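Here the structure is laid out as structure tokens; the discussion comes afterwards.
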Amino acid sequence: MYEDRIRRPALMNKLMSAAQAAQLFRDGMTVGMSGFTRAGDAKALPAALVERARQTPLHLTLLTGASLGNDSDGLMANAGVVARRMPFQADAALRRKINAGEVMFIDQHLSETAEQLRAGDLKAVDIAVIEAVAITPDGGIIPTMSVGNTANFVQQADKVIVEINLSAPLALEGFHDIYVPGNRPHRSAIPLLTPWQRIGWTSIPVHPDRIAAIVITDSPDSPSNALPPDEETDAIARHVIGFLDGEVKAGRMDPSLRPLQAGIGTIANAVLHGLIDSPFSSMTMYSEVLQDSAIELLDSGQLSMASASSITLSAAMHEKFVRNIENYRERIVLRPQEISNHPEIVRRLGIIALNTALEFDIYGNVNSTHVGGTHMMNGIGGSGDFARNGALSIFVSKSVAKDGAISSVVPFAAHVDHTEHDVDVLVTEWGLADLRGLAPRERAPLIIEHCAHPDYRPQLRAYFEEALLGGGQTPHVLEQALSWHARYKREGSMLVK
């Protein structure tokens with residue numbers, strides 16, 4: 001019945017329901033699940049584990065590539081299934097559990113999880129749950145719309161549960177390039193020299209005896225929740241495009257630029273969308289996630305190819321992608337995230353990194369994870385992999401939030417994910433600050449005048465002027481450095497009235 005999907009006949013006897021497969025789990029296990037930014041995630045097992053937990057307590061350490069779709073993270077967190085979670089999440093219910101201290105969340109650079117598992121720094125994966133298009137005759141697992149950490153999970157796990165998703169087109173076979181680095185410290189260099197190069201397998205190798213269960217599903221990925229461009233994101237896009245055009249005119253790049261990386265979310269997606277009307281051509285991407293804008297750029301011809309670990313699309317764009325999938329076969333490569341985000345390759349390829357900040361301070365330190373400095377939003381994701389190692393690190397943000405009650409430009413970031421040393425350019429709808437080659441005292445006026453909302457500029461100027469009186473390489477008034485965040489918590493606005 002499923003011969004086109006399960007191509008090793010001996011594995012047909014491993015077919016079972018999700019409820020039956022859930023009985024393989026034991027309290028305290030470490031579980032690796034496929035899924036990267038709502039794409040390629042297991043659809044049936046999370047719900048089955050929630051039901052299982054209603055019968056017997058089940059507390060798991062859950063590892064993924066990035067966030068899961070179908071509200072799976074929240075459902076499992078609310079059922080008490082998730083005791084420990086890494087390396088990334090984007091679910092409101094799970095976020096509440098994390099910030100209440102009920103789930104221990106380990107926020108990691110996305111390139112590091114597989115490395116730490118391989119080195120034994122983390123407890124080995126007991127069970128891997130992997131969504132697949134099909135299983136090859138030799139037992140290889142063909143992933144769906146993401147690769148993430150699945151190759152490493154499969155490599156480590158005692159048992160592998162495969163969810164064959166009938167809604168995933170068989171034509172996805174051949175999109176993947178599965179390469180797993182050797183052990184440190186004496187492994188060979190990763191032999192990837194261009195974004196379009198293929199260096200691995202089209203499926204994840206696994207001995208068939210370790211496949212403990214096969215579950216059939218027929219559910220599409222959750223659609224992207226990125227919002228369409230608006231007036232502010234369009235302005236941010238214009239500033240970024242103007243800056244890159246200046247780089248071309250200065251002779252530091254040609255019109256194809258360098259390989260592009262863009263973080264997940266509305267603002268980064270909107271900036272890439274703006275490149276459709278840009279003067280650049282024959283561009284390439286070497287990123288972690290392909291959003292709607294990447295497909296639009298491929299369709300426009302301005303983007304020649306794209307490499308990533310995941311494809312996360314709106315419902316309409318997903319339908320278009322599947323309908324025209326053969327048009328993308330030679331122009332999209334999906335890799336494990338430890339390869340898509342690997343510092344060695346990011347540095348080698350000279351990536352232009354475009355990521356989103358929650359806030360940044362007048363010296364260029366960026367907070368991308370903690371609201372008010374204390375409450376986790378989603379996680380650092382891959383932004384650190386690319387910001388520190390890329391040739392050009394750009395962070396974008398709207399200048400204010402909560403109808404102007406919060407300034408995204410503050411005297412001192414309440415939590416620092418990316419220090420000033422890893423940040424080259426800051427952009428809001430008001431303008432752009434090129435920080436390259438500038439000392440902290442030179443950066444501050446530029447950020448204040450070009451990036452801050454006009455309503456907040458007088459307060460920022462006053463803070464900086466007072467800070468200068470105390471001297472120092474990076475002047476601060478320590479008693480006031482976080483007073484804006486305290487004022488918002490106390491009064492509901494950072495603005496002095």
Side-chain angles (χ1 to χ4, degrees), residues 36-37 39 65-66 109-112 114 143 145-149 151 175-181 189-200 240 244 247 252-265 268-269 271-273 275 278 280-298 300-312 328-356 381-396 422 424-425:
F36 192 109
T37 315
H109 297 296
L110 294 188
S111 67
E112 289 188 346
M145 294 286 276
S146 73
V147 181
N149 280 320
F175 274 73
H176 311 92
D177 185 53
I178 310 299
Y179 179 91
V180 178
I190 299 169
L192 189 68
L193 303 178
T194 66
W196 52 87
Q197 188 178 356
R198 291 174 177 268
I199 60 175
V240 173
L244 293 174
E247 294 294 288
R252 289 187 282 271
M253 300 181 196
D254 61 40
S256 65
L257 306 178
R258 290 173 180 160
L260 299 168
Q261 176 264 338
I264 194 73
N269 185 60
V271 171
L272 282 187
H273 179 83
L275 290 172
S278 74
F280 314 121
S281 60
S282 300
M283 293 180 288
T284 60
M285 285 192 73
Y286 191 84
S287 192
E288 54 201 343
V289 181
L290 303 183
Q291 301 185 85
D292 283 19
S293 52
I295 305 302
E296 291 168 341
L297 282 167
L298 286 168
S300 75
Q302 287 169 287
L303 189 66
S304 61
M305 70 80 55
S307 169
S309 192
S310 167
I311 304 174
T312 301
Y328 304 108
R329 176 172 300 282
E330 300 303 320
R331 297 195 292 159
I332 292 178
V333 183
L334 292 177
R335 311 181 190 276
Q337 69 192 68
E338 66 172 323
I339 302 301
S340 68
N341 291 46
H342 201 287
E344 173 189 343
I345 300 171
V346 172
R347 180 67 61 93
R348 178 186 299 155
L349 297 181
I351 302 296
I352 297 173
L354 180 72
N355 290 287
T356 304
S383 56
D385 298 321
F386 290 95
R388 171 155 289 188
N389 301 290
L392 192 60
S393 175
I394 303 171
F395 279 91
V396 297
D422 301 329
D424 296 317
V425 178

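Residue indices begin at 1 and follow the sequence shown. Quick caveat, the model's predicted, so the values are computed rather than measured.
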Q.
Does E344, at its CD atom, have more than 12 non-hydrogen atoms belonging to other residues, nucleotides or ligands within less than 6.0 Å?
A.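 It does: E344 CD has more than 12 such atoms within range.
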Would you find more than 12 non-hydrogen atoms of other residues, nucleotides or ligands less than 6.0 Å from R198 atom CZ?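 Yes, enclosed.
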| task | Please lay out, stage by stage, how T194 and M305 fare under the test side-chain contact (heavy atoms from CB on, under 4.5 Å). | result | CA-CA 11 Å; T194 66; M305 70 80 55; over 6 Å; no
Straight-line distance of L290 CG to S309 OG, nearest 0.5 Å: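 The CG atom of L290 sits 9.5 Å away from the OG atom of S309.
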- Distance only, no hydrogens: is a donor on one side chain within 3.5 Å (strictly under) of an acceptor on the other, for Q261 and N355?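 Checked: Q261/N355 side chains pair up, N/O donor to acceptor below 3.5 Å.
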Has the side chain of [X] got a donor or acceptor atom that lies under 3.5 Å from a matching backbone atom of [Y]?
X    : Y    : answer
N341 : L110 : no
R347 : N389 : yes
D385 : H109 : no
N269 : S293 : yes
R348 : L192 : yes
S304 : M283 : yes
R331 : L298 : yes
E338 : Y179 : no
S340 : A308 : no
Q197 : P191 : yes

Residue list, ring-ring contact (aromatic ring centres under 6.0 Å, His included) with Y328, at least two apart or on another chain:
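If we apply the ring-ring contact (aromatic ring centres under 6.0 Å, His included) test to Y328, skipping adjacent residues, the hits are F321.
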_Please enumerate all residues that pass side chain to side chain contact (heavy atoms under 4.5 Å, CB included) together with V396, with sequence neighbours excluded._
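Side chain to side chain contact (heavy atoms under 4.5 Å, CB included) check on V396 returns I236, V240, I267, L354, T356, I394, V427.
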Contact summary for [X] and [Y], nearest pair of heavy atoms:
X    : Y    : answer
D177 : G200 : OD1-N, 2.7 Å
P259 : L349 : CD-O, 3.6 Å
A262 : A268 : CB-CB, 4.4 Å

